[in-house]
Each structure stands twice: as structure tokens, then as C-alpha cells.
Trainee: 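One structure follows; several queries about it will come next.
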Amino acid sequence: MNTTPPNPPRFLEGILRRALPEDAVGRSIRGDLAQEYRWRARGGLGAARRWYRREVLSVVGYAAMGALRSKDRPGGSRARKEANQSIGGDPMWQFLLREVRLAARALAHAPRFTLIAALTLALGIGATTAIFSAVNGVLLRSLPYPDSDRIVGLWHGAPELGYDQFGISPGIFHQYLTENQAYEAMGLYLPLQRNLTEDGDAERVQATASTQGLFEVMGVQPLMGRTYTADEAMEGGPGVVVLSHGLWQRRFGGRQDILGRTLQVDGYANEIIGVMPEGFDFGGPNRRSEIWVPLHINLEDGDPGSFAYSGVARLRPGVTFEAALAQEEALLERVRERWADAEAFINFLDAGGFHPIVHSLKEEVVGDMERPLWILLGTVGFVLLIACANVANLFLVRAEGRQREMAVRAAMGATRGRLAAQYLFESALLAGLGGALGLAVAWVGTPLLLRMAPPELPRLDQVSMDGTVLGFTLGTTALAALLFGAAPVLRYNLEGLLAVLRYSGRGTTEGRERHHLRNALVVAQTALAMVLLVGSGLLLKSFQEIRQIDPGFDTEGILTFRISLPGSEYSGHEETAAFHQEMLERLRALPGVEAAGGVDAIPLAGRPSGTAWDIEDFPVGPGELPPMFWYKSATPGYFETMGISVVAGRTFEPRDHEQEFGNIIVTQALAEKHWPGEEVLGKRIRIVGDTSQAGWRRIIGVVESLRDHGLREDPSETVYRPIVGFLGGDNYRSTPDLTYAVRAEDPSRLVGAVRSVVQEMNPDLPLAGVQTIRTVVSDSIVRLTFTALALGLAAFMALILGAVGLYGVLSYVVSQRTQEIGVRMALGAQAGQVQSLVVASGARLALLGLLVGVVGAGVLTRLLQGMLFGTEPLDLVTFMGMSGVLLVVGLLASYLPARRAASVNPVESMRME
Amino acid sequence: MRRKGYLGEFEQLVLLAALRLREEASGPGIARELEERAGRRVSRGALYGTLDRLEEKGFLTWAIEPGDSERSGQPLRHFQVTEEGLVALRASREAVRRLEAGLEGLLSEG
């Protein structure tokens, strides 16, 4: 071969050259690596390059260690000395080490400055890092499935009817499945809860019923065994179940012979055919599932109008969201053709403006947490800026005190660059210290933050301090170092410094000097603090407004819990009703219990069903749509327990679910909307499409308006029916799932007693969702609460930091102008006058900051729009209130320096040089 | 500071490799010998650090020679195990031998 051996990569070689000393040893090491590179290059350049890069890094590390150690043994070994032919020029290391050592010494000589600065920075960097790790885990990291951004959810919307987004029906799913080109896998699923009973341990778990395609879409293989096949997922298929890793560990101790065993699911025996790997728990966006069972429906006969289901799909490579959406829209035409005879369904499609929605699963998971989190990050960023401004001010003060030292260096030939470098090294070292402390703050603070966070905050488990977060911390630390290190560099120049030496004196800044930069920093801090104050004030106001709302039911003194009666044990309506009846009697008999009742969907946390109803008095005309009402089932005693007042008629009695069946109770909102000003009792309504003889229900009571869908929502239009309904012939509807409500003075104390009652009635029945109504209510506004708390905390920190900043500037001014103050006092100025002078200058700065802050707040509070309630973003009271707070704090911060100024002794001050 | 008489495991391997190679005991040579015979991936940083340490302890010396174009003209270091180094190696071997006594069955795998 005639090719000359290649040279090692120039860039890496350069690094090596600069890292190693220029003596014979260093050069021989460079030669060694070059030689080996050429050997390896014979076997392939790529591998040789990779090797070279790796080993250059390793040798650089070795050189750094050597540079550090060589301080202890200045001479080096004898052999080294003999062979040493130093070529001059400072190796990079010596320079770096020396500068760092100098900077460290300078900082160590000013311990108070260093401590305050480092702590201030630690606070700012720590808070920012903690919030960023939340943002990273929730928003930035991808979902834990292979190629997760190719996974989409199959949604639909009917905006004309007020439905922004809902799922998919089996009929429509089938159409997409058989004819689309955009997806390589599709899955249909339904979230459920199931009771697991096994050797006495009853447990209620989140379950998911799905087609076999669900697992294909998510792209995760089972750890053991298999998932169900397409045949098994059809109607009439076997009872099989797939377990999550967590359930397998928890309930079965991770036993190896788990496959083939039986699991009682709602009383029916299911064979365990597979276990999913650790970390897989998909049961819907933001929903964890512990078991998966086959859906057991025939997709071909699937009902097109039943939208309780959800769908996911995996895009084929190269297919965009838009293309998939277009496909679905085209396929919907086929759906219309196929079910042209189903009038109600077609009506719904037309009148609702029905259309498909396709977006990535991740968007769904993150939901509307995106904005609050970014707002939070911005907030904390402000705090960091304020902290940097404080440290910059501290630096400036210090720089002023060191002018003489700098001037001497300048006179001895140091360039502006070298002087600037000295400041930058100090600021870098300080920033490094602050950053390290900040990491510790974040380490402790992030778990605390998460504990306060809304429980529905998606992907909480993904929040950790990983490489990205550490990189972010490094970045903010570097930025901070630049920001405040630049301050003294900007402020001073060489000419000024040399002038210092020429005129012996204290320095260039005397008398009337305006301290422009420092003042600007204080104004900026104050403005930022004002923005934060206003923001948190608005949220606080919203929080208070929401708590004032009377939702129509009592928000204290009630305990709730859910029970689900398995169909295998309670098969008839009589058994179910008897169980609920007896349960309520036993609950009422407990000491301390004032009332008890049950409903299938509790306010705020429950998910009621909704459907269209015909009103007898107002038949629906052609082309019109019947109204939609929510409907719930309730036991006698429910309304009394919840403190819901009766506005007309009566509440349920045992005869309503034992003999009469057709009586219903409606909410006031419903009554007033459809029969304004009229008597409602005795009116009849029925579910659209229910042509059975028992279809028409009679209104026998009206209860007060309830905000049971959300405290911010309008009162709901809801129909309540008894827990048993008559469907005609021999068929009855019963309510196996019920949430019980128990009214007592101290509801949380009843938990134990309640569990015993359930245990006595049926030891195989697990309780779920045991919580007081107070928890239910506060959980429903937890997002607002969390954001208000976090913003309030930030505003508080900003206020403190800003006050410290203002105090610092004023203190400094006073100390610089002591002579002048002394002269004034000697000429007759009173202590009070001097004090007012200082306070006035503080007030000026604060006021200027306030004005800038008000403008900033006016612009930025718009971002809070979605979270505010009962208050506008530009609420006058809040703005004025926070202005007051800021001014008071500013005055307080000015007070101490003012006192100091007033206590100046004129004679002493003039003696100072 | 350093306990002069003791040899770490890697230090032993490096000295043994240097002994094997005699005239070819250079940095790359020792590294290759370790990688091939001991099956260990040797980071060059660790290697040069160990060579420095062995030299400080007096177990190794090196001499400079001019290098050729394959080394980009850079000089070459030739390592040689000293008498003290040999003594230390023997002591290490003896220590191992004494501890191994009686365990031959366990230590010799099939």
C-alpha cells in the first residue's frame, strides 16, 4: 500500500497539545497516541477516530491531575528533570489554576460578601432548577413508549352541541380499522374499575378492556407470557387477564409461576396469560391501569353512536397528523353511508358539526398543565434575575472598594482584558459556588414542590434531576456569572482607574455621582417584584372568590366512599337494592352519624352520564335537537345528607325504588330553564328513544341549583332517578356502583367504623375513594391553589430580595456621603431632615420600579387569564393593594439607612479622610 | 503519602508487561500487551498515571529516544523495570502465594 499513514484529527490533537506540558514527557505521550492512532487507522478510520477521542479525553484528565499534584512536588522526579527540555510558554493549566486560586483567595478575604452572594444565588438557581425539573419531566421528556411521538389518540368533537372532545365508538373504530392507510396499528379501549378477590384480599383496581391492538400501538412486549389475540377480544371470548408489573409484585409477590393461575375479577374467574414489564401501565392518557382484559365485542356489529370508548393508533412512518386526519374525515363519509338509517345518529353527526380530532398522545397527557408550568418557570426566572441583580450590586460595591488595587495592577501593565478576566473568574467561582448550593436547594426542594402539586399533574413520576436538568443548572449558573460579572467590567475603565492613582483619594465616585447602574438594577428588581406581587394577588383573589361560591351542597362534615357490587354475587335488582338499603341503615346506626345516603356520581369527582331527553310539554320539532341533561341515581336520604335543599315537592322514599320506579327529581336550573315561572311538579320527561311503557318519568321534586360539575361551571341540569328502574316486562335497572355519603360532625373519624360495617356485610367488598367532601372540593381547585401558592412564594422571595437590594444601595450611598451629611448637620440640618432625604431617595427608586412594574404587570397578567375567576387581569384593587405593599416594604428598607444617616456625628465625619 | 513498598493490582500488571516487552516497553507497547494478554481495556490516562507513580516509587525508569514520522516526530520513552521494581514484584508474588496456599482446589477452575 502506498498511502501515507493519516494524521490524527487536528482539533483533538490541539487539545492534547495544550493540555500536556511542553517537556519531553508530554511530547512523548503525544507521540504515543499519534503512533497508536496510525496503527489503528489501518483497521478503519472511524474506529481509530473514536479511540483517539476517547483516549485524548482520558489523557487530558490525567494531565489535569498531574497539574494539580505538581504543586506539591515542585521539582518533579529526577528522571523528569534530566530529560526535561522545556520550551517555554505557559501550559493552559498553570494559567487556569493560578487565576482560580487568585479568585478563590480574593473571595475568601471577603467572607461576608461571598456568603451573602452565594446564598442569594443559591436561592435563585435552586428555585429555578426545581421548577425546571418539573417542566422537564412533565412537558419536555417523551413518553415511555418506543417512538412515542408516533402514537396518536383518536378523538372526535361536536362543537355545535358543546362537546369539545370525546372518544370514539366501536362502529366508527371498525370503519377506520378496516379501511385506513395511515396507521400501522390501532387499539380500542374502555377504562373500567374491577374488584379483585383472591384468598380473602379484596382490592379494587383500575382496569382497561381493550382490543388486542392496544399493545401493538404502545409497542411494548409483555415481560412474561402474552397479550390476548384478536379472537380472544371478540364477543364470547375467554376470560383472560394481563397483569401490570406492579400488581404482579404487590399481589402475587412476583412469583415465577404466575401464568395460568386464576384471578377473580368481579367474581368471575380469569386466567392470567401475561405480565407487562415494569413501567408500563397505560390505561388512557394520565390513567394507570393494573390489569387489561379483552373488550369482548364484535367490532363489525359495533354501535356507531356509543362514544364511551377511546382509541389510540400508531402512525405509519412518514405519515403526518394532517394526513391521518384527512383519512379519517374521508372515512366518516363511509360511516354515514353505512348507517344512513340510524336517524338519531345521523342527526347527531349533522347537528353537532361532528369531526375527527387527531393529536399526539403526549399532548393529551400534558393537557392544560402546559401553560401553568411555563408561567411558573417564567416566574422563577424573574426571581433569579432579581437575585443576580442583587449580586451584581454587591459586586459593584466591592469593585468600588478595590479601585486602588485595580489601579495598581493597571499601572503595572495589566490590560483591560486581564482586569476583566479577574472579575470574570471571581464571578465564575462565585456562580459555581452558588450553583452547587442551588443544586442542593433543588435536591431538597423538588420533592417538597411535588408534594404540594396537584395530584392530577401528569407524569409526576418522570420528574427527577437528570442530565437535562443538570445541564440547565449549569447554563443558568454560567448566565448568572456573566450577568453580574459584567457589572463591574462595564462600570470601570482603565482611564478612570489610572486617574485614581494620580489623585490620591478614595476613588472616582464621589459627591454627586449618580450611581446610575446600581440604581437601574434596583429599579429593575422592584419592577420584577411588582409583577410577581400582582400576579399572585390576582390568583389569591380568584382563590377566595371560588371558595365563596355556594355549590348547592355542603362542603364540610361529609365522608364519602365507593362500593362496587360484583354482578356474580348480586345479580338481581332486589338484591342490589336490599344491599344498599341495609348498608344505609347500618351507617345511620353508627354513633355520630346524622344522615346517610348514596348516589352513583358524587358532585365534582363523579362522572355522571348525560343523554338527550324528550319533554312531554314541548315536543321537539323537525330539525331541532332535544335537550341534554345529566342523570344520576340516588337513594332516599341522599339530598338530606349532602345538605341539598328541596325547593319543591319531596325527595326519594323507599317506595320509589320498590314499587313506583318512575319518579324523578330535577335541579332548579333544569326546572327554570324549561318551565320558567311554572309549576314543575307532575311534568313528565323521558329519555329519547325510550318507547317502553315505563318511559315517561314524573317530576316529584325539585332541588336547589347545584354546581356539581365544577365550581366555576354554571349550575347543572340534572335528573335524579331512584336506584332501581323498571324497563318493562321482567327487566329492571339496578345500581351496583354507588358512592355512599355519611354526614357527621367529624367525618374523618368515621373511616374505621365504616370499614367495619362494610366488612361485616361482605368481607370481599373493597372500599374505594374514601375521602371527606372537603378533600373532594379542594381537589377540584387544586391547580389554582398550587399556582397561587407557588406564585405567592416567588413574590415573597422577590420582595425580600428587592428589599435587601434597596437597603444595600441606600446603605452604601449613606456611607459614601457621610462627609457631606456631616457638613449639612454642622450647618444646622436636623436629624429628621437628613432622615427624610434618605427615605426620599429610597422612595424615588421604589416608585420608579413600581411604575415600570405596573406596566409590566398590565401586559403579563393576561397570561393568567385561564386560571382567574371572579376577577379581571387588570383588577384595580389588586394593583393598588400590591403597590401599597411594595411602597411599605420600600419605606421599611429605607428606614435603617436613614436612621444611620441621622446619627452621623458631624465632627467625626469631617475628620474622616 | 504513598506507602513505598506496596504494589497495586494494575501496577503489577504494568510492571509485568514491561518485563515481557524488554526493548519494546513503550507506552503503546505496554498498553497493547495488557489489552491482549490480560484482556483489559486500558485507558491511557490511567496508564500514564500508573507509569508516573511507578517511576516515583523507583520501580521504573525511562529513557528518551528521538521518534520517527509515525510518531509525528515526537520523542519516544523507553521504560525499564528497576532492581527495586523486581524486588517489589517478587514480594507481591510471594504474598499472593502464601495466601493462596491450600486454596488451589478452589481457585483452579475446570
Side-chain angles (χ1 to χ4, degrees), chain A residues 4-10 12-14 16-17 19-42 51-70 72-73 75-85 87, chain B residues 1-2 4 8 10-11 14 17-18 21 23-36 40-85:
Chain A
T4 49
N7 291 329
R10 275 245 300 268
L12 289 168
E13 202 175 25
L16 199 63
R17 183 169 46 86
L20 287 167
E22 266 300 315
D23 59 7
V25 174
R27 288 162 61 209
S28 76
I29 296 181
R30 282 157 56 193
D32 284 349
L33 261 78
Q35 180 179 7
E36 271 202 82
Y37 175 80
R38 291 189 176 96
W39 282 350
R40 286 165 188 265
R42 292 185 207 145
W51 176 88
Y52 193 73
R53 178 172 58 222
R54 204 171 56 227
E55 298 306 341
V56 162
L57 287 175
S58 143
V59 169
V60 164
Y62 149 80
M65 294 299 297
L68 281 172
R69 277 189 303 137
S70 71
D72 302 341
R73 311 174 303 101
S77 71
R78 181 178 49 87
R80 201 187 190 104
K81 271 188 172 141
E82 280 174 12
N84 221 346
Q85 298 153 35
I87 313 269
Chain B
M1 252 227 356
R2 306 232 145 61
K4 284 259 164 186
F10 191 56
E11 289 173 337
V14 167
L21 291 171
E23 270 76 49
E24 279 97 47
S26 63
I30 293 177
R32 178 189 268 186
E33 188 75 3
L34 286 172
E35 274 165 8
E36 283 177 13
R40 285 171 81 117
R41 229 219 74 204
V42 179
S43 101
R44 299 300 181 265
L47 178 64
Y48 289 118
T50 306
L51 288 167
D52 279 355
R53 260 201 315 281
L54 287 169
E55 198 244 333
E56 280 167 41
K57 292 185 187 179
F59 298 155
L60 212 58
T61 59
W62 47 262
I64 287 283
E65 280 182 17
D68 57 7
S69 64
E70 202 188 26
R71 298 177 57 80
S72 308
Q74 303 292 8
L76 176 68
R77 270 197 300 174
H78 256 139
F79 293 93
Q80 192 164 33
V81 181
T82 61
E83 192 56 40
E84 291 101 324

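Predicted model only: the values in this text are computed from it and were never measured. In the text below, chain A, chain B and the rest are named by the order of the sequence lines, each starting its count at 1.
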Trainee: Relative to chain A, which segment of B/Ala46 carries a heavy atom at a distance below 4.5 Å: side chain, backbone, both, or neither?
Mentor: backbone

Trainee: In chain order, what residues pass the side-chain contact (heavy atoms from CB on, under 4.5 Å) check against A/Arg40, with sequence neighbours excluded?
Mentor: A/Glu36, A/Ala48, A/Trp51, B/Glu35, B/Arg44

Trainee: Which of the residues B/Gly29, B/Ala63, B/Gly45 is involved in the greatest number of heavy-atom pairs with chain A at under 4.5 angstrom?
Mentor: B/Gly45

Trainee: Would you mind telling me which of A/Asp32, A/Asn7, A/Val60, A/Leu57 has the largest number of heavy-atom pairs within less than 4.5 Å of chain B?
Mentor: A/Asp32

Trainee: Counting heavy-atom pairs under 4.5 Å with chain B, which one of A/Glu13, A/Arg54, A/Arg38 comes out on top?
Mentor: A/Arg38

Trainee: Quick check for you: among B/Gln74, B/Glu70, B/Arg71, B/Glu65, which has the greatest number of heavy-atom pairs under 4.5 Å with chain A?
Mentor: B/Arg71

Trainee: With sequence neighbours left out, what residues match A/Arg10 under side-chain contact (heavy atoms from CB on, under 4.5 Å)?
Mentor: none

Trainee: Look at B/Gly67, B/Ser43, B/Ser26, B/Ala31 and state which one has the largest set of heavy-atom pairs under 4.5 Å with chain A.
Mentor: B/Ser43

Trainee: Mind telling me whether A/Tyr37 and A/Tyr52 have parallel, tilted or perpendicular rings, with 30° and 60° as the class edges?
Mentor: perpendicular

Trainee: Rounded to the nearest 0.5 Å, how far does CZ of A/Arg17 lie from CD of A/Glu22?
Mentor: 7.5 Å

Trainee: Working note: B/Val14 + B/Phe79, criterion side chain to side chain contact (heavy atoms under 4.5 Å, CB included); need CA distance, chi angles, decisive distance, verdict.
Mentor: CA-CA 11 Å; B/Val14 167; B/Phe79 293 93; over 6 Å; no

